[in-house]
2 protein chains.
Amino acid sequence: MLRISKLTDYGLVLLAHYAAAEEQSEAVKNAREMAEATLLPYPVVSKILKTLAQEGLLLSRRGSKGGYSLGLPPKEIRVSDIIEALEGPITLMACTAGPGHCEQEATCQIRDPWIQINGAIRETLERITLAELVGNSPTASSRPTQIKQVAIENPRDAH
Amino acid sequence: MLRISKLTDYGLVLLAHYAAAEEQSEAVKNAREMAEATLLPYPVVSKILKTLAQEGLLLSRRGSKGGYSLGLPPKEIRVSDIIEALEGPITLMACTAGPGHCEQEATCQIRDPWIQINGAIRETLERITLAELVGNSPTASSRPTQIKQVAIENPRDAH
DNA sequence: TATTTACAGGACTAACTTAGTCCGATATAT
DNA sequence: ATATATCGGACTAAGTTAGTCCTGTAAATA
């Protein structure tokens with residue numbers, strides 16, 4: 001089904017809430033508040049926010065009145081960053097993550113084009129930011145965001 | 001990690017072999033031959049080929065001297081068709097597969113853009129065919145295949 | 001300084017999905 | 001007839017993911 005994990009999905013939703021909160025100068029929200037806002041279980045929210053903070057997408061503040069806030073402006077957080085933070089490198093098959101992942105590496109006929117497909121998908125996810133996701137990018141449309149189609153071209157013709 | 005399943009990966013490799021075999025007018029190959037050629041276990045190969053035949057990507061022929069051959073010319077088999085045949089609709093999250101998959105559907109802030117991202121990825125996979133995968137498309141380069149980058153645009157500016 | 005609040009960092013369990021096997025039935029060529 | 005292959009499905013084992021829980025540490029407040 002070519003899917004991202006539920007945790008990653010939740011992470012996207014949580015970050016979208018932080019982006020919205022930031023606009024209203026209520027930048028710091030703790031895990032409990034976020035759990036209430038999203039109707040997700042607190043332990044799950046807490047776990048995800050911890051990871052996002054580790055990866056620098058959120059800033060954390062301990063102690064009373066603590067919580068999390070966005071680590072970067074929404075325009076500088078790409079969807080690819082979020083996915084990578086929560087589930088590692090974006091790669092459709094193990095072999096494209098690097099050498100040594102596949103016994104067929106030596107004889108595989110389709111590895112090169114596969115790496116290209118992979119790259120095209122990664123680029124698609126790099127090109128949309130959290131700001132666009134919540135519909136507040138000055139460069140992108142209000143909504144729905146329109147993503148241009150992808151072309152496969154001969155390198156000789158490219159750019 | 002945003003990955004496709006191993007079975008789908010195998011399916012791609014198997015179809016690539018069929019595409020190569022077709023060029024040499026050895027169109028029909030049975031599951032045992034394919035297992036040997038790919039070094040994959042026979043039962044696994046058999047299972048995958050059955051599914052691909054069900055979905056019309058392969059033609060099957062029973063009995064002695066039977067086997068499988070491509071159901072369509074390699075140029076008409078898209079990578080997206082292969083993935084969909086083996087693991088269902090291409091969709092990063094359940095909610096984009098249709099209504100009723102997510103309890104947050106009513107309140108979700110990011111569903112629309114997400115559907116667009118999804119579409120962009122699907123299009124990327126629709127645009128590359130089996131012929132290009134094995135490096136024999138007349139329209140695509142020899143190798144490596146180059147896939148143009150994706151742009152997110154305002155619908156007003158589009159097309 | 002004591003207390004409360006909230007994140008940090010793990011270990012852990014249960015549920016689910018995927019990979020892989022196996023078997024009896026059916027169709028085809030010789 | 002017999003041998004060869006696919007068909008269709010059930011089944012098992014392995015791996016992954018989702019979700020919980022607990023102990024420690026940092027910060028604010030009174």
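Convention: sequence-line order gives letters A, B, ...; per-chain numbering from 1.
Residues that satisfy the side chain to side chain donor-acceptor pair (under 3.5 Å) test with B:R122, not counting sequence neighbours, are B:E126. Partners of B:E33 under the side chain to side chain donor-acceptor pair (under 3.5 Å) rule, at least two apart in sequence or in another chain, do not exist in this structure. Checked against salt bridge (Lys or Arg N to Asp or Glu O under 4.0 Å), B:R32 has the following partners two or more places apart in sequence or in another chain: B:E36.
A donor-acceptor contact shorter than 3.5 Å is absent between the side chain of A:N30 and the backbone of A:G66. The closest donor-acceptor contact from the side chain of B:Y18 to the backbone of B:G71 lies at 3.5 Å or more, if one exists at all. Between the side chain of A:N118 and the main chain of A:T91, no donor-acceptor pair closer than 3.5 Å is present.
The closest side-chain heavy-atom distance from A:M34 to A:H17 is below 4.5 Å.
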N/O donor to acceptor pairs below 3.5 angstrom from side-chain atoms of residues 3-15 of chain A, sequence neighbours left out:
unit_1 : atom_1 : unit_2 : atom_2 : d
A:S5   : OG     : A:T8   : N      : 3.3
A:S5   : OG     : A:T8   : OG1    : 3.0
A:T8   : OG1    : A:E87  : OE2    : 2.5

List, one per line, each side-chain donor-acceptor pair under 3.5 Å for residues 42-60 of chain A, sequence neighbours excluded.
unit_1 : atom_1 : unit_2 : atom_2 : d
A:T51  : OG1    : A:K47  : O      : 3.2

Side-chain polar contacts of residues 76-84 of chain A - donor-acceptor pairs under 3.5 angstrom, sequence neighbours left out - could you list them?
unit_1 : atom_1 : unit_2 : atom_2 : d
A:R78  : NE     : A:D81  : OD1    : 3.4
A:R78  : NE     : A:D81  : OD2    : 3.2
A:R78  : NH2    : A:D81  : OD1    : 2.9
A:D81  : OD2    : A:R78  : N      : 3.1

(message) So if I define the base as every atom that isn't primed, P, OP1 or OP2, how would nucleotides 13-18 of chain D read as a B/S/- string at a heavy-atom cutoff under 4.0 Å?
(response) ----SS

Heteroatom pairs (N/O) under 3.5 angstrom, protein to nucleotides 28-30 of chain D:
unit_1 : atom_1 : unit_2 : atom_2 : d
D:dA28 : OP1    : A:R61  : NH2    : 3.4

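Annotation: proximity of residues 28-43 of chain B to DNA chain C (heavy atom, distance under 4.0 Å) is found for B:P41, B:P43, numbered in ascending order.
Along DNA chain C, the stretch of nucleotides lying under 4.0 Å from any heavy atom of chain A spans, 5' to 3', C:dT5 to C:dT18.
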(request) Assess whether side-chain contact (heavy atoms from CB on, under 4.5 Å) is satisfied between B:E22 and B:S69, documenting all intermediate values. (result) CA-CA 8 Å; B:E22 194 178 56; B:S69 56; over 6 Å; no

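A:L133 contributes atom CG, which lies 10.5 Å from atom CG of B:D112 (distance to the nearest 0.5 angstrom).
In this structure, B:L59 atom CG and D:dA5 atom P are separated by 18 Å, rounded to whole Å.
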